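Single-structure report; data block below.
Here is how names work: the chains are called A, B, and so on, in the same order as the sequence lines, proteins then strands, and each is numbered from 1. What's counted below: heavy atoms across the whole structure, side chains too, no hydrogens, waters or symmetry copies. Predicted model only: the values in this text are computed from it and were never measured.
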Amino acid sequence: MPAAKVEFVQPLSAAPRVPLHQLDALWLQVGGTICNLWCTHCFISCSPKNHSFGFMSRRQVREYLAESVRLGVKEYYFTGGEPFMNREMLGILSDTLALGPASVLSNGLLLSPQTARALQQMAADSPYTLELRLSLDGFSAATNDPIRGSGTFRRALQGVANLVQAGFLPIITCMQSWPEHEHDQVLAGFREALAALGYTRPRLKILPQLRLGREAERERGYLPVERVTPEMMEGYDTGLLLCSSSRIATDRGVFVCPILIEKPDAKLGDSLAEALRPFPMRHQACYTCYLSGAICSNYAPARDA
Amino acid sequence: MNLGTTDFRRIVAFGGVYNNYLALTALLREVSRLQPDAIFCLGDLGAFGPHPNRVYPLLIEGRVQVVQGNYDNSIGHDLQDCQCGYTDPRDNYFAQISYDYTLAHTSPEFKAYQRGLPPFIRFTALGCRVLLCHGSPRKTNEFLWETATPDHFLEKLFHDYAADVILATHTGIKWQRRLAGNKLFANVGVIGRPENDGHTNVWYSTVEFTPAVKVEYHPLAYDHLRLAREMAEEKLPQEFIDTVLTGWWTTCLEILPGKERSRGKF
(Lines give C-alpha, C1' and ligand atoms only; values in the text may rest on other atoms or scores of the structure.)
Protein backbone atom coordinates (compact mmCIF):
# COMPACT_ATOMS: atom_id res chain seq x y z
CA MET A 1 0.00 0.00 0.00
CA PRO A 2 1.46 3.44 -0.83
CA ALA A 3 2.29 5.80 2.02
CA ALA A 4 -0.25 8.44 2.91
CA LYS A 5 0.91 11.85 1.78
CA VAL A 6 -1.67 13.88 3.66
CA GLU A 7 -2.47 13.39 7.31
CA PHE A 8 -6.04 12.39 7.90
CA VAL A 9 -7.80 14.43 10.58
CA GLN A 10 -10.99 12.97 11.93
CA PRO A 11 -14.09 15.12 12.22
CA LEU A 12 -14.63 16.22 15.80
CA SER A 13 -17.84 14.25 16.10
CA ALA A 14 -16.00 10.98 15.32
CA ALA A 15 -12.98 11.53 17.58
CA PRO A 16 -12.89 9.99 21.06
CA ARG A 17 -12.36 12.65 23.71
CA VAL A 18 -9.76 12.19 26.43
CA PRO A 19 -10.41 14.03 29.70
CA LEU A 20 -7.53 15.49 31.68
CA HIS A 21 -7.65 13.38 34.85
CA GLN A 22 -5.18 15.63 36.68
CA LEU A 23 -2.33 17.81 35.46
CA ASP A 24 0.61 15.68 36.62
CA ALA A 25 3.26 16.61 34.08
CA LEU A 26 3.99 20.07 32.77
CA TRP A 27 6.06 20.12 29.63
CA LEU A 28 7.82 23.29 28.56
CA GLN A 29 8.96 23.84 24.96
CA VAL A 30 11.88 25.94 26.16
CA GLY A 31 13.90 25.36 22.98
CA GLY A 32 11.01 26.20 20.69
CA THR A 33 11.48 24.51 17.33
CA ILE A 34 15.06 25.76 17.13
CA CYS A 35 17.71 23.06 17.07
CA ASN A 36 21.38 22.71 16.20
CA LEU A 37 20.57 19.54 14.22
CA TRP A 38 18.45 18.63 11.19
CA CYS A 39 17.50 15.05 12.15
CA THR A 40 15.75 13.26 9.29
CA HIS A 41 13.13 11.76 11.62
CA CYS A 42 12.16 14.87 13.62
CA PHE A 43 8.41 14.84 14.02
CA ILE A 44 8.24 18.63 14.30
CA SER A 45 11.00 19.27 11.75
CA CYS A 46 13.12 21.27 14.19
CA SER A 47 16.23 22.94 12.79
CA PRO A 48 18.40 26.06 13.15
CA LYS A 49 15.95 27.77 10.80
CA ASN A 50 12.60 26.63 12.19
CA HIS A 51 11.29 29.56 14.22
CA SER A 52 7.66 28.43 14.39
CA PHE A 53 8.16 28.40 18.16
CA GLY A 54 10.83 30.48 19.89
CA PHE A 55 12.83 30.06 23.08
CA MET A 56 10.80 30.52 26.26
CA SER A 57 12.17 33.16 28.59
CA ARG A 58 12.95 32.42 32.24
CA ARG A 59 10.23 34.89 33.15
CA GLN A 60 7.66 33.06 31.01
CA VAL A 61 8.65 29.73 32.52
CA ARG A 62 8.41 31.15 36.04
CA GLU A 63 4.82 32.20 35.38
CA TYR A 64 3.87 28.71 34.26
CA LEU A 65 5.73 27.18 37.22
CA ALA A 66 3.78 29.41 39.62
CA GLU A 67 0.52 28.30 38.04
CA SER A 68 1.62 24.65 38.13
CA VAL A 69 2.24 24.81 41.87
CA ARG A 70 -1.33 25.92 42.44
CA LEU A 71 -2.52 22.97 40.33
CA GLY A 72 -0.41 20.35 42.13
CA VAL A 73 1.74 19.35 39.13
CA LYS A 74 4.01 16.40 39.89
CA GLU A 75 6.89 16.68 37.39
CA TYR A 76 8.43 18.94 34.75
CA TYR A 77 9.83 18.12 31.32
CA PHE A 78 11.87 20.44 29.11
CA THR A 79 12.09 19.99 25.39
CA GLY A 80 12.57 21.78 22.07
CA GLY A 81 14.30 21.97 19.65
CA GLU A 82 17.41 21.77 21.73
CA PRO A 83 16.77 23.12 25.26
CA PHE A 84 20.43 23.96 25.93
CA MET A 85 20.43 26.39 22.99
CA ASN A 86 18.28 28.55 25.25
CA ARG A 87 20.81 30.71 27.13
CA GLU A 88 18.51 30.88 30.17
CA MET A 89 18.24 27.08 30.47
CA LEU A 90 20.39 26.68 33.59
CA GLY A 91 18.45 29.43 35.37
CA ILE A 92 15.18 27.82 34.28
CA LEU A 93 16.31 24.48 35.68
CA SER A 94 17.41 26.07 38.91
CA ASP A 95 13.96 27.63 39.34
CA THR A 96 12.31 24.32 38.57
CA LEU A 97 14.41 22.12 40.82
CA ALA A 98 13.42 24.32 43.74
CA LEU A 99 9.87 23.11 43.15
CA GLY A 100 9.97 19.58 41.79
CA PRO A 101 11.67 16.94 39.65
CA ALA A 102 12.84 17.93 36.18
CA SER A 103 13.73 16.07 32.99
CA VAL A 104 15.51 17.61 30.01
CA LEU A 105 15.33 16.09 26.52
CA SER A 106 18.54 17.00 24.73
CA ASN A 107 20.71 15.87 21.86
CA GLY A 108 23.73 16.13 24.14
CA LEU A 109 25.89 18.19 21.82
CA LEU A 110 26.06 21.23 24.11
CA LEU A 111 26.79 19.29 27.31
CA SER A 112 30.39 20.25 27.96
CA PRO A 113 32.18 19.02 31.10
CA GLN A 114 31.55 22.43 32.71
CA THR A 115 27.82 22.34 31.92
CA ALA A 116 27.57 18.75 33.17
CA ARG A 117 29.26 19.76 36.44
CA ALA A 118 26.96 22.78 36.81
CA LEU A 119 23.95 20.53 36.29
CA GLN A 120 25.23 18.04 38.84
CA GLN A 121 25.73 20.79 41.40
CA MET A 122 22.20 21.98 40.75
CA ALA A 123 20.86 18.44 41.19
CA ALA A 124 22.86 17.98 44.40
CA ASP A 125 21.41 21.20 45.80
CA SER A 126 17.84 20.07 45.12
CA PRO A 127 15.80 17.46 46.98
CA TYR A 128 14.41 16.45 43.59
CA THR A 129 15.81 14.38 40.79
CA LEU A 130 17.19 15.88 37.58
CA GLU A 131 16.95 13.52 34.63
CA LEU A 132 18.90 14.10 31.43
CA ARG A 133 17.47 12.30 28.43
CA LEU A 134 19.87 12.18 25.52
CA SER A 135 18.94 11.13 22.02
CA LEU A 136 20.92 8.69 19.95
CA ASP A 137 19.47 6.80 17.01
CA GLY A 138 21.95 4.02 16.68
CA PHE A 139 24.81 2.47 18.61
CA SER A 140 27.41 3.46 16.02
CA ALA A 141 28.17 6.37 13.76
CA ALA A 142 27.10 4.20 10.85
CA THR A 143 23.59 3.73 12.25
CA ASN A 144 23.12 7.03 14.08
CA ASP A 145 24.59 9.64 11.78
CA PRO A 146 22.42 9.01 8.71
CA ILE A 147 19.46 10.04 10.91
CA ARG A 148 20.95 12.69 13.18
CA GLY A 149 23.72 14.12 11.01
CA SER A 150 27.37 13.59 10.29
CA GLY A 151 29.58 13.53 13.39
CA THR A 152 26.66 13.59 15.81
CA PHE A 153 27.30 10.13 17.23
CA ARG A 154 30.78 11.04 18.40
CA ARG A 155 29.66 14.41 19.77
CA ALA A 156 26.56 13.04 21.53
CA LEU A 157 28.60 10.24 23.10
CA GLN A 158 30.95 12.89 24.46
CA GLY A 159 27.92 14.56 26.05
CA VAL A 160 26.90 11.23 27.59
CA ALA A 161 30.43 10.72 28.88
CA ASN A 162 30.50 14.20 30.41
CA LEU A 163 27.23 13.54 32.22
CA VAL A 164 28.36 10.13 33.46
CA GLN A 165 31.60 11.62 34.68
CA ALA A 166 29.64 14.26 36.55
CA GLY A 167 27.63 11.52 38.29
CA PHE A 168 24.46 11.29 36.21
CA LEU A 169 22.79 8.18 34.85
CA PRO A 170 21.37 9.73 31.66
CA ILE A 171 18.43 8.08 29.92
CA ILE A 172 19.46 7.24 26.37
CA THR A 173 16.48 7.69 24.08
CA CYS A 174 16.23 6.17 20.65
CA MET A 175 13.54 5.94 18.01
CA GLN A 176 13.13 2.36 16.86
CA SER A 177 14.18 2.34 13.22
CA TRP A 178 15.11 -1.35 13.07
CA PRO A 179 12.94 -4.45 12.60
CA GLU A 180 11.69 -6.22 15.72
CA HIS A 181 13.89 -9.29 15.22
CA GLU A 182 17.02 -7.11 15.56
CA HIS A 183 15.87 -5.55 18.83
CA ASP A 184 18.02 -7.53 21.28
CA GLN A 185 21.07 -7.16 19.09
CA VAL A 186 20.59 -3.37 18.87
CA LEU A 187 20.14 -3.03 22.62
CA ALA A 188 23.28 -5.07 23.17
CA GLY A 189 25.07 -2.75 20.74
CA PHE A 190 23.97 0.28 22.75
CA ARG A 191 25.12 -1.28 26.01
CA GLU A 192 28.48 -2.12 24.53
CA ALA A 193 29.04 1.34 23.03
CA LEU A 194 28.04 3.04 26.27
CA ALA A 195 30.13 0.70 28.43
CA ALA A 196 33.14 1.58 26.29
CA LEU A 197 32.90 5.17 27.50
CA GLY A 198 32.33 4.19 31.12
CA TYR A 199 28.55 4.06 31.26
CA THR A 200 28.16 0.52 32.57
CA ARG A 201 24.54 0.53 33.70
CA PRO A 202 22.78 2.54 31.01
CA ARG A 203 19.13 3.46 31.12
CA LEU A 204 17.64 2.93 27.65
CA LYS A 205 14.31 4.19 26.38
CA ILE A 206 13.13 3.06 22.96
CA LEU A 207 10.45 5.15 21.27
CA PRO A 208 8.12 4.20 18.44
CA GLN A 209 8.14 6.15 15.20
CA LEU A 210 5.96 9.22 15.07
CA ARG A 211 5.06 9.49 11.40
CA LEU A 212 4.91 13.27 11.29
CA GLY A 213 7.19 16.05 10.10
CA ARG A 214 10.41 14.83 8.53
CA GLU A 215 9.79 11.25 9.62
CA ALA A 216 6.79 11.14 7.27
CA GLU A 217 9.19 11.93 4.43
CA ARG A 218 12.02 9.69 5.65
CA GLU A 219 10.00 6.50 5.82
CA ARG A 220 6.26 6.99 5.49
CA GLY A 221 3.37 8.92 6.95
CA TYR A 222 0.32 7.40 8.61
CA LEU A 223 -1.98 5.23 6.59
CA PRO A 224 -5.66 6.24 6.48
CA VAL A 225 -6.58 3.30 8.71
CA GLU A 226 -4.10 4.37 11.39
CA ARG A 227 -6.40 6.42 13.60
CA VAL A 228 -8.27 6.01 16.85
CA THR A 229 -11.98 5.29 16.70
CA PRO A 230 -14.53 5.44 19.55
CA GLU A 231 -14.86 1.65 19.36
CA MET A 232 -11.14 1.24 20.01
CA MET A 233 -11.49 3.22 23.23
CA GLU A 234 -14.05 0.87 24.77
CA GLY A 235 -12.43 -0.62 27.88
CA TYR A 236 -9.21 1.31 27.20
CA ASP A 237 -7.57 2.98 30.21
CA THR A 238 -7.19 6.61 29.11
CA GLY A 239 -4.77 7.05 32.01
CA LEU A 240 -2.16 5.47 29.72
CA LEU A 241 -2.28 8.49 27.41
CA LEU A 242 -0.09 11.52 27.97
CA CYS A 243 -2.98 13.86 27.16
CA SER A 244 -4.89 12.58 30.20
CA SER A 245 -2.25 13.86 32.61
CA SER A 246 -0.09 16.53 30.95
CA ARG A 247 0.01 19.71 28.90
CA ILE A 248 2.82 21.60 27.18
CA ALA A 249 3.52 25.31 27.50
CA THR A 250 5.29 27.11 24.66
CA ASP A 251 6.16 30.70 23.91
CA ARG A 252 2.85 30.76 22.04
CA GLY A 253 0.48 29.31 24.57
CA VAL A 254 -0.46 25.94 25.98
CA PHE A 255 -0.96 22.90 23.76
CA VAL A 256 -2.29 19.45 24.49
CA CYS A 257 0.95 17.48 24.02
CA PRO A 258 4.54 17.77 22.74
CA ILE A 259 3.73 15.88 19.54
CA LEU A 260 0.91 18.09 18.33
CA ILE A 261 2.21 21.63 18.87
CA GLU A 262 2.10 22.33 15.14
CA LYS A 263 -1.61 21.49 14.91
CA PRO A 264 -3.66 24.68 15.36
CA ASP A 265 -6.51 22.85 17.11
CA ALA A 266 -4.06 21.46 19.68
CA LYS A 267 -3.63 24.90 21.25
CA LEU A 268 -5.92 24.97 24.27
CA GLY A 269 -5.28 28.42 25.70
CA ASP A 270 -2.71 30.87 27.00
CA SER A 271 -2.73 29.64 30.58
CA LEU A 272 -2.72 26.18 32.14
CA ALA A 273 -6.15 26.87 33.61
CA GLU A 274 -7.56 27.31 30.11
CA ALA A 275 -5.97 24.06 28.96
CA LEU A 276 -7.51 21.70 31.51
CA ARG A 277 -10.29 20.59 29.18
CA PRO A 278 -10.70 17.31 27.27
CA PHE A 279 -9.02 16.82 23.90
CA PRO A 280 -10.32 14.80 20.93
CA MET A 281 -7.98 12.13 19.56
CA ARG A 282 -8.54 13.26 15.99
CA HIS A 283 -4.93 13.29 14.80
CA GLN A 284 -3.20 10.24 13.43
CA ALA A 285 -0.25 10.67 15.79
CA CYS A 286 -2.76 9.84 18.54
CA TYR A 287 -2.77 6.33 17.07
CA THR A 288 0.88 5.86 18.04
CA CYS A 289 0.11 6.95 21.61
CA TYR A 290 -2.90 4.62 21.62
CA LEU A 291 -0.64 1.70 20.74
CA SER A 292 2.34 2.61 22.89
CA GLY A 293 1.00 4.57 25.88
CA ALA A 294 2.57 7.73 27.26
CA ILE A 295 5.64 7.50 25.08
CA CYS A 296 7.04 10.91 26.01
CA SER A 297 7.25 10.30 29.76
CA ASN A 298 10.29 8.82 31.44
CA TYR A 299 8.06 6.10 32.75
CA ALA A 300 4.58 4.98 31.78
CA PRO A 301 1.87 6.25 34.12
CA ALA A 302 0.18 3.90 36.56
CA ARG A 303 -2.57 1.84 35.02
CA ASP A 304 -5.95 1.40 36.62
CA ALA A 305 -5.59 -1.19 39.33
CA MET B 1 -12.74 1.38 55.23
CA ASN B 2 -13.10 3.93 57.99
CA LEU B 3 -12.22 2.88 61.53
CA GLY B 4 -13.60 6.19 62.85
CA THR B 5 -12.17 7.94 65.87
CA THR B 6 -9.71 5.73 67.69
CA ASP B 7 -7.61 5.89 70.84
CA PHE B 8 -4.48 4.81 68.98
CA ARG B 9 -1.30 6.17 70.50
CA ARG B 10 1.17 4.02 68.64
CA ILE B 11 0.77 1.79 65.62
CA VAL B 12 3.07 -0.40 63.57
CA ALA B 13 2.91 -0.01 59.77
CA PHE B 14 4.74 -1.81 57.03
CA GLY B 15 4.33 -2.70 53.37
CA GLY B 16 5.39 -5.26 50.79
CA VAL B 17 5.52 -8.69 52.42
CA TYR B 18 6.37 -10.17 49.01
CA ASN B 19 5.86 -13.74 50.33
CA ASN B 20 8.61 -13.17 52.91
CA TYR B 21 6.91 -15.07 55.72
CA LEU B 22 10.21 -15.25 57.61
CA ALA B 23 10.45 -11.47 57.86
CA LEU B 24 6.77 -11.32 58.83
CA THR B 25 7.43 -13.87 61.58
CA ALA B 26 10.34 -11.77 62.84
CA LEU B 27 8.20 -8.64 62.74
CA LEU B 28 5.37 -10.19 64.73
CA ARG B 29 7.92 -11.22 67.33
CA GLU B 30 9.05 -7.59 67.57
CA VAL B 31 5.45 -6.43 67.75
CA SER B 32 4.75 -8.58 70.78
CA ARG B 33 7.51 -6.63 72.52
CA LEU B 34 6.32 -3.21 71.27
CA GLN B 35 2.65 -3.78 72.14
CA PRO B 36 1.26 -1.25 69.62
CA ASP B 37 -2.42 -0.33 69.52
CA ALA B 38 -2.80 -1.69 66.00
CA ILE B 39 -0.76 -3.23 63.17
CA PHE B 40 -1.26 -2.29 59.55
CA CYS B 41 0.15 -3.80 56.40
CA LEU B 42 -0.19 -1.50 53.39
CA GLY B 43 -0.38 -4.24 50.80
CA ASP B 44 1.49 -6.43 48.33
CA LEU B 45 1.44 -9.67 50.23
CA GLY B 46 2.77 -11.71 47.31
CA ALA B 47 5.72 -11.53 44.86
CA PHE B 48 9.42 -12.23 44.91
CA GLY B 49 9.76 -14.82 47.69
CA PRO B 50 8.68 -18.45 48.26
CA HIS B 51 5.55 -20.08 49.70
CA PRO B 52 2.81 -17.40 49.47
CA ASN B 53 0.34 -19.32 51.62
CA ARG B 54 2.59 -19.13 54.69
CA VAL B 55 1.87 -15.40 54.90
CA TYR B 56 -1.87 -15.76 55.33
CA PRO B 57 -2.08 -17.45 58.80
CA LEU B 58 0.54 -15.07 60.18
CA LEU B 59 -1.56 -12.05 59.20
CA ILE B 60 -4.62 -13.55 60.83
CA GLU B 61 -2.85 -14.63 64.01
CA GLY B 62 -1.07 -11.30 64.25
CA ARG B 63 -4.34 -9.36 63.80
CA VAL B 64 -2.77 -7.37 61.02
CA GLN B 65 -5.16 -5.05 59.22
CA VAL B 66 -4.30 -4.99 55.53
CA VAL B 67 -4.78 -2.47 52.72
CA GLN B 68 -5.08 -3.97 49.26
CA GLY B 69 -2.02 -3.51 47.08
CA ASN B 70 -1.89 -3.84 43.32
CA TYR B 71 -0.45 -7.35 43.71
CA ASP B 72 -3.26 -8.39 46.03
CA ASN B 73 -5.80 -7.00 43.58
CA SER B 74 -4.22 -8.99 40.74
CA ILE B 75 -3.84 -12.24 42.67
CA GLY B 76 -7.30 -11.87 44.20
CA HIS B 77 -8.87 -11.51 40.78
CA ASP B 78 -6.65 -14.04 38.97
CA LEU B 79 -5.37 -11.36 36.61
CA GLN B 80 -2.54 -12.04 34.18
CA ASP B 81 0.03 -9.68 35.69
CA CYS B 82 0.83 -7.70 38.82
CA GLN B 83 -0.16 -4.23 37.50
CA CYS B 84 3.16 -2.92 38.77
CA GLY B 85 3.44 -0.57 35.81
CA TYR B 86 6.97 -1.43 34.67
CA THR B 87 7.88 -0.39 31.15
CA ASP B 88 11.29 -1.98 30.74
CA PRO B 89 11.21 -5.42 29.07
CA ARG B 90 13.76 -6.91 31.51
CA ASP B 91 11.83 -5.60 34.50
CA ASN B 92 8.62 -7.04 33.08
CA TYR B 93 10.30 -10.39 32.41
CA PHE B 94 11.28 -10.85 36.05
CA ALA B 95 8.05 -9.35 37.37
CA GLN B 96 6.12 -11.93 35.36
CA ILE B 97 8.17 -14.86 36.71
CA SER B 98 7.47 -13.65 40.21
CA TYR B 99 3.79 -13.13 39.50
CA ASP B 100 3.23 -16.47 37.78
CA TYR B 101 4.89 -18.30 40.68
CA THR B 102 2.81 -16.49 43.29
CA LEU B 103 -0.46 -16.93 41.40
CA ALA B 104 0.18 -20.65 40.96
CA HIS B 105 0.99 -21.15 44.65
CA THR B 106 -1.74 -19.07 46.29
CA SER B 107 -4.72 -20.96 47.68
CA PRO B 108 -8.30 -20.06 46.72
CA GLU B 109 -8.93 -18.98 50.34
CA PHE B 110 -5.97 -16.61 50.35
CA LYS B 111 -7.06 -15.23 46.97
CA ALA B 112 -10.54 -14.55 48.33
CA TYR B 113 -8.99 -12.80 51.32
CA GLN B 114 -6.87 -10.58 49.05
CA ARG B 115 -9.85 -9.85 46.81
CA GLY B 116 -11.79 -8.56 49.79
CA LEU B 117 -9.15 -6.22 51.16
CA PRO B 118 -10.02 -2.51 51.31
CA PRO B 119 -8.14 -0.15 48.94
CA PHE B 120 -7.51 2.23 51.83
CA ILE B 121 -8.09 2.54 55.57
CA ARG B 122 -8.85 5.73 57.42
CA PHE B 123 -8.98 6.59 61.09
CA THR B 124 -8.64 9.55 63.37
CA ALA B 125 -6.16 9.51 66.23
CA LEU B 126 -5.68 12.43 68.59
CA GLY B 127 -7.62 14.62 66.16
CA CYS B 128 -5.33 13.65 63.31
CA ARG B 129 -6.95 12.32 60.14
CA VAL B 130 -4.89 9.36 58.95
CA LEU B 131 -5.15 7.74 55.52
CA LEU B 132 -3.40 4.43 54.82
CA CYS B 133 -3.00 3.39 51.19
CA HIS B 134 -0.70 1.31 49.01
CA GLY B 135 0.73 3.58 46.27
CA SER B 136 -1.09 6.86 46.65
CA PRO B 137 -4.57 7.80 47.79
CA ARG B 138 -5.63 8.26 44.18
CA LYS B 139 -4.03 5.21 42.56
CA THR B 140 -3.07 1.88 44.09
CA ASN B 141 -0.09 1.38 41.79
CA GLU B 142 1.24 4.94 41.72
CA PHE B 143 4.93 5.23 42.61
CA LEU B 144 5.63 8.16 44.94
CA TRP B 145 9.42 8.41 45.17
CA GLU B 146 11.12 10.83 47.50
CA THR B 147 13.00 12.70 44.77
CA ALA B 148 10.11 12.78 42.32
CA THR B 149 7.29 13.96 44.57
CA PRO B 150 7.02 17.73 45.07
CA ASP B 151 5.65 19.36 48.18
CA HIS B 152 2.82 21.04 46.30
CA PHE B 153 1.71 17.69 44.86
CA LEU B 154 1.54 16.22 48.37
CA GLU B 155 -0.37 19.28 49.57
CA LYS B 156 -2.94 18.63 46.88
CA LEU B 157 -3.29 15.02 48.03
CA PHE B 158 -3.79 16.13 51.65
CA HIS B 159 -6.43 18.57 50.48
CA ASP B 160 -8.21 16.31 47.97
CA TYR B 161 -8.33 13.34 50.34
CA ALA B 162 -9.03 15.27 53.55
CA ALA B 163 -6.07 13.85 55.45
CA ASP B 164 -3.38 15.12 57.83
CA VAL B 165 -1.19 12.05 57.64
CA ILE B 166 -0.83 9.78 54.61
CA LEU B 167 0.99 6.47 54.96
CA ALA B 168 1.93 4.62 51.77
CA THR B 169 4.41 2.07 50.44
CA HIS B 170 4.69 0.41 46.94
CA THR B 171 8.11 1.79 45.99
CA GLY B 172 10.09 -0.41 48.38
CA ILE B 173 12.16 2.51 49.69
CA LYS B 174 11.07 4.37 52.83
CA TRP B 175 10.99 8.16 53.14
CA GLN B 176 8.97 10.83 54.87
CA ARG B 177 8.31 14.55 54.54
CA ARG B 178 6.63 16.98 56.89
CA LEU B 179 4.74 19.90 55.38
CA ALA B 180 3.18 23.07 56.71
CA GLY B 181 0.12 22.66 58.88
CA ASN B 182 1.57 19.59 60.59
CA LYS B 183 0.88 17.42 57.54
CA LEU B 184 3.03 14.33 57.18
CA PHE B 185 3.54 11.95 54.28
CA ALA B 186 5.46 8.76 55.02
CA ASN B 187 6.40 5.78 52.92
CA VAL B 188 6.55 3.08 55.58
CA GLY B 189 9.03 0.78 53.80
CA VAL B 190 8.68 -2.91 53.03
CA ILE B 191 9.54 -6.10 54.89
CA GLY B 192 9.69 -8.31 51.80
CA ARG B 193 13.09 -7.41 50.41
CA PRO B 194 15.96 -5.14 51.42
CA GLU B 195 15.83 -1.60 50.15
CA ASN B 196 18.74 -1.46 47.70
CA ASP B 197 21.26 -0.22 50.24
CA GLY B 198 23.68 -3.14 50.50
CA HIS B 199 22.20 -4.39 53.80
CA THR B 200 20.22 -7.58 54.20
CA ASN B 201 17.74 -6.25 56.76
CA VAL B 202 14.29 -4.93 55.85
CA TRP B 203 12.36 -2.01 57.41
CA TYR B 204 9.11 -1.35 59.22
CA SER B 205 7.67 1.77 60.88
CA THR B 206 6.16 2.85 64.12
CA VAL B 207 3.85 5.84 64.11
CA GLU B 208 3.28 7.72 67.35
CA PHE B 209 0.33 10.04 67.71
CA THR B 210 1.44 12.87 69.90
CA PRO B 211 0.66 16.52 69.15
CA ALA B 212 3.32 16.13 66.44
CA VAL B 213 2.92 12.79 64.69
CA LYS B 214 6.19 10.90 64.63
CA VAL B 215 7.17 8.17 62.18
CA GLU B 216 10.24 6.11 63.05
CA TYR B 217 11.87 3.45 60.91
CA HIS B 218 13.25 0.23 62.37
CA PRO B 219 15.60 -2.23 60.70
CA LEU B 220 14.39 -5.80 60.91
CA ALA B 221 16.75 -8.74 60.68
CA TYR B 222 15.32 -12.12 59.74
CA ASP B 223 16.67 -15.47 58.57
CA HIS B 224 17.58 -14.23 55.10
CA LEU B 225 19.89 -17.20 54.49
CA ARG B 226 16.96 -19.55 54.97
CA LEU B 227 14.82 -17.41 52.68
CA ALA B 228 17.51 -17.56 50.00
CA ARG B 229 17.75 -21.32 50.42
CA GLU B 230 14.01 -21.78 50.06
CA MET B 231 13.91 -19.48 47.04
CA ALA B 232 16.53 -21.64 45.38
CA GLU B 233 14.55 -24.78 46.23
CA GLU B 234 11.51 -23.19 44.63
CA LYS B 235 13.61 -22.38 41.54
CA LEU B 236 13.03 -18.65 41.82
CA PRO B 237 15.50 -16.54 39.80
CA GLN B 238 19.06 -16.24 41.05
CA GLU B 239 18.70 -12.46 40.58
CA PHE B 240 16.09 -12.38 43.36
CA ILE B 241 18.22 -14.55 45.62
CA ASP B 242 21.19 -12.25 45.07
CA THR B 243 19.09 -9.32 46.31
CA VAL B 244 18.22 -11.19 49.51
CA LEU B 245 21.86 -12.08 50.08
CA THR B 246 23.43 -8.72 49.19
CA GLY B 247 20.82 -6.06 49.82
CA TRP B 248 21.17 -4.73 46.26
CA TRP B 249 18.29 -4.74 43.80
CA THR B 250 19.08 -6.56 40.58
CA THR B 251 15.70 -6.24 38.82
CA CYS B 252 12.79 -3.80 38.51
CA LEU B 253 15.24 -0.91 38.47
CA GLU B 254 14.16 1.10 35.46
CA ILE B 255 11.25 2.63 37.33
CA LEU B 256 13.59 4.33 39.83
CA PRO B 257 14.28 8.07 39.47
CA GLY B 258 17.92 8.91 38.78
CA LYS B 259 18.76 9.91 42.34
CA GLU B 260 17.40 6.71 43.88
CA ARG B 261 18.99 4.65 41.10
CA SER B 262 22.38 6.25 41.66
CA ARG B 263 22.42 5.13 45.27
CA GLY B 264 22.15 1.46 44.27
CA LYS B 265 24.76 -0.83 42.82
CA PHE B 266 22.99 -1.73 39.54
Under the criterion side chain to side chain contact (heavy atoms under 4.5 Å, CB included), I'd like the reasoning laid out for R138(B) against Q22(A): C-alpha separation, chi angles, the key distance, then a yes or no.
CA-CA 11 Å; R138(B) 63 181 190 162; Q22(A) 143 76 19; 3.1 Å; yes
Candidate pair E142(B) and K74(A), rule side chain to side chain contact (heavy atoms under 4.5 Å, CB included), full reasoning
CA-CA 12 Å; E142(B) 179 167 23; K74(A) 197 173 165 191; 2.5 Å; yes
Would E155(B) and R70(A) count as a salt bridge (Lys or Arg N to Asp or Glu O under 4.0 Å) if you check the C-alpha gap in whole Å, the side-chain angles of each, and the deciding distance to 0.1 Å?
CA-CA 10 Å; E155(B) 279 159 4; R70(A) 292 194 291 276; over 6 Å; no
What's the verdict on side chain to side chain contact (heavy atoms under 4.5 Å, CB included) for F153(B) and D24(A), showing C-alpha distance, side-chain angles and the deciding distance?
CA-CA 9 Å; F153(B) 174 80; D24(A) 277 344; 4.0 Å; yes
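Of all heavy-atom pairs between L99(A) and H152(B), the closest is O-CE1, 3.5 Å. Heavy-atom minimum distance, R201(A) versus R261(B): NH1-O, 3.2 Å. Between R177(B) and Y128(A), the shortest heavy-atom contact is NH1-OH, 3.6 Å.
Only the backbone of L71(A) comes within contact range of chain B, with at least one heavy atom under 4.5 Å from a heavy atom of that chain. K259(B) touches chain A through backbone and side chain together, each having a heavy atom under 4.5 Å away. Interface remark: E254(B) contributes backbone and side-chain atoms alike to the contact with chain A (heavy atom separation under 4.5 Å). Interface residue L144(B): only side-chain heavy atoms are found under 4.5 Å from chain A.
We find the CG-CG distance between L256(B) and N298(A) to be 12.5 Å, quoted to the nearest 0.5 Å.
Atom NE2 of H159(B) sits in a sparse spot, with 12 or fewer heavy atoms from other residues, nucleotides or ligands closer than 6.0 Å. No more than 12 heavy atoms of other residues, nucleotides or ligands shown are found within 6.0 angstrom of OH on Y93(B). Counting non-hydrogen atoms of neighbouring residues, nucleotides and ligands closer than 6.0 angstrom, the CD atom of E192(A) reaches no more than 12 such neighbours. Counting non-hydrogen atoms of neighbouring residues, nucleotides and ligands closer than 6.0 angstrom, the CD atom of Q165(A) reaches no more than 12 such neighbours.
In this structure, E131(A) contributes its side chain and G258(B) its backbone to a donor-acceptor pair below 3.5 Å. In this structure, the side chain of R203(A) does not engage the main chain of L253(B) through any donor-acceptor pair within 3.5 Å.
Residues P101(A) and P150(B) have side chains in contact (heavy-atom distance under 4.5 Å, counting atoms from C-beta outward).
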